Amino acid sequence: MLIQLEEISKVYVSGSTEVHALRKVDLSVGPGDLLAIMGASGSGKSTALNILGTLDLPTSGRYILDGQDVSSLSDSALASFRNQKIGFVFQAFNLLPRYSALANVELPMVYAGVPRDERRARARAALERVGLGDRLTHSPGELSGGQQQRVSIARAIVNRPVLLLADEPTGALDTEMTGQIMELFCDLNAAGMTVVVITHEPAVAAYAKRVVRFRDGRIIADQRQAGRDASTAA
């Protein structure tokens with residue numbers, strides 16, 4: 001398995017109040033899967049995303065990603081591991097407004113210590129892969145919402161992560177752009193990338209091969225489905 005969550009619990013403490021965001025969650029995800037995580041506000045899906053992305057650590061249980069128990073890593077080692085292994089796509093595109101598309105995509109490689117010429121070549125290739133080879137020098141303000149999200153996807157994949165995490169990636173997009181972005185995720189998945197999408201939209205989840213539903217900090221359903229074929233039929 002690429003991802004193994006073993007009896008993961010997360011408890012947030014505020015004064016004398018404890019909030020149990022996750023309750024002994026077990027989840028395994030194999031390489032090359034396309035998974036949608038769904039649930040109402042407060043269900044635990046966002047906490048699950050933070051733990052999957054190593055942005056937060058569980059209160060108890062084990063998280064193993066690509067053979068590494070992440071709880072055994074120091075803060076600096078965890079940051080390096082995250083940069084190398086995980087790509088993030090968010091609803092807010094989180095692009096630097098004064099930087100070109102190319103420069104935005106280069107940023108993760110700067111932190112990874114990739115030489116400048118290699119950074120430039122890999123950033124260009126990533127933008128071409130998401131269909132923006134003719135927008136390299138454009139700033140975010142010169143791009144549509146869908147194009148900005150494509151830049152953020154290029155940035156997420158440029159370090160060749162083993163896992164791509166997308167948190168409500170189509171929340172700021174119209175129906176047509178939503179379809180285009182989800183088709184792009186499907187194409188990346190078809191090329192071998194493992195993709196996990198957090199969403200509350202059934203139309204988005206229809207693209208996934210598997211849908212996991214959270215309620216009250218627990219997984220209440222885990223189902224396989226036709227994926228892109230189902231979304232096309234819809």
Side-chain angles (χ1 to χ4, degrees), residues 1-14 17-31 33-95 107-108 111 149 152-153 155-157 159 161-172 185 193-201 204-205 208 210-222:
M1 290 291 107
L2 177 68
I3 293 170
Q4 292 175 274
L5 299 182
E6 301 175 355
E7 295 197 335
I8 292 291
S9 293
K10 182 64 181 181
V11 180
Y12 295 101
V13 179
S14 178
T17 302
E18 292 187 348
V19 177
H20 292 260
L22 293 177
R23 301 171 183 266
K24 294 189 175 181
V25 169
D26 292 311
L27 178 67
S28 296
V29 180
D33 210 348
L34 174 50
L35 175 72
I37 295 180
M38 302 189 74
S41 178
S43 64
K45 68 180 189 298
S46 295
T47 302
L49 170 79
N50 288 338
I51 288 175
L52 287 171
T54 71
L55 300 172
D56 200 357
L57 294 175
T59 303
S60 61
R62 287 206 311 165
Y63 172 29
I64 300 171
L65 175 60
D66 200 25
Q68 175 68 59
D69 185 344
V70 301
S71 63
S72 67
L73 298 175
S74 66
D75 288 346
S76 60
L78 187 60
S80 177
F81 181 81
R82 183 188 306 122
N83 189 46
Q84 294 170 11
K85 298 287 186 177
I86 306 171
F88 294 91
V89 180
F90 299 100
Q91 177 176 339
F93 314 125
N94 295 339
L95 301 176
L107 280 175
Y111 302 133
Q149 191 62 295
S152 72
I153 293 170
R155 181 183 59 194
I157 66 174
N159 270 343
V162 298
L163 174 63
L164 181 61
L165 289 177
D167 185 12
E168 300 284 1
T170 62
F185 283 133
M193 186 169 291
T194 304
V195 182
V196 176
V197 179
I198 309 296
T199 184
H200 67 278
E201 300 179 54
V204 169
R210 178 182 174 194
V211 178
V212 172
R213 298 178 187 275
F214 276 75
R215 181 188 296 162
D216 298 330
R218 296 184 173 91
I219 292 176
I220 60 167
D222 186 346

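None of these values were measured; they are calculated from a predicted model.
The closest side-chain heavy-atom distance from Val212 to Met38 is not below 4.5 Å. A 4.5 Å side-chain heavy-atom check between Val29 and Leu2 finds every atom pair outside the cut-off. Put simply, the side chain of Ile51 does not reach to within 4.5 Å of the side chain of Val25, judged on heavy atoms. In this structure the side chain of Gln4 never reaches within 4.5 angstrom of the side chain of Arg62, judged on heavy atoms. Contact check for Ile3 versus Tyr63: side-chain heavy atoms found under the 4.5 Å cut-off. Side-chain contact between Arg210 and Asp222 is present, with at least one heavy-atom pair separated by less than 4.5 Å. The shortest distance between side-chain heavy atoms of Ile37 and Leu49 does not fall below 4.5 Å. Looking at Phe214 and Ile220, their side chains never come closer than 4.5 Å, going by heavy atoms from C-beta outward.
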Checklist line | Derivation of the side chain to side chain contact (heavy atoms under 4.5 Å, CB included) call for Val89 and Leu164 | finding: CA-CA 8 Å; Val89 180; Leu164 181 61; 4.0 Å; yes
Note to self: side chain to side chain contact (heavy atoms under 4.5 Å, CB included), that's the test. Do Asn94 and Phe88 meet it? Break it down for me.
What the structure shows: CA-CA 10 Å; Asn94 295 339; Phe88 294 91; over 6 Å; no
Notebook entry, point to check: Given His20 and Thr59, is the side chain to side chain contact (heavy atoms under 4.5 Å, CB included) satisfied, shown in steps?
Noted result: CA-CA 10 Å; His20 292 260; Thr59 303; over 6 Å; no
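Residue Glu6 holds its CD atom at 4.5 Å from CD1 of Ile64, rounded to the nearest 0.5 Å. Within the model, atoms CZ of Arg155 and CD of Gln149 stand 8.5 Å from one another, a figure rounded to the nearest 0.5 Å. The CG atom of Leu22 lies 10.5 Å from the CG atom of Leu27; values are rounded to the nearest 0.5 Å. Here the CD atom belonging to Glu168 is positioned 8.0 Å from the CD1 atom belonging to Ile198, to the nearest 0.5 angstrom. How far CG of Leu55 is from OG of Ser46: 11.5 Å, rounded to the nearest 0.5 Å. Expressed to the nearest 0.5 Å, how far OH of Tyr111 lies from CG of Asn83 amounts to 9.0 Å.
Considering every non-hydrogen atom in both Leu35 and Ala208, the closest pair reads C-CB, 4.2 Å. Across all their heavy atoms, Thr170 and Val204 have their closest contact at OG1-CG2, 3.4 Å. Across all their heavy atoms, Val162 and Thr194 have their closest contact at O-CB, 3.6 Å. The shortest non-hydrogen separation linking Phe93 to Ser152 is O-CB, 3.8 Å. Ala172 approaches Gln91 most closely through the heavy-atom pair N-CG, 3.9 Å. The minimum heavy-atom distance between Ile8 and Gly61, with the atom names listed, is CD1-C, 3.8 Å.
Atom OH of Tyr12 has more than 12 heavy atoms from other residues, nucleotides or ligands within 6.0 Å.
Under a 3.5 Å cut-off, the side chain of Ser14 and the backbone N or O of Thr17 do not form any donor-acceptor pair. A distance-only check finds a donor-acceptor pair linking the side chain of Lys10 to the backbone of Leu57 [under 3.5 Å]. The backbone N or O of Thr54 sits less than 3.5 Å from a side-chain atom of Arg82, completing a donor-acceptor pair. At distances below 3.5 Å, at least one donor-acceptor pair connects side-chain atoms of Asp69 with backbone N or O atoms of Ser71. No donor-acceptor pair under 3.5 Å is formed between the side chain of Glu7 and the backbone N or O of Ser60. Glu18 places no side-chain N or O within donor-acceptor distance of the main-chain N or O of Val11, the cut-off being under 3.5 Å.
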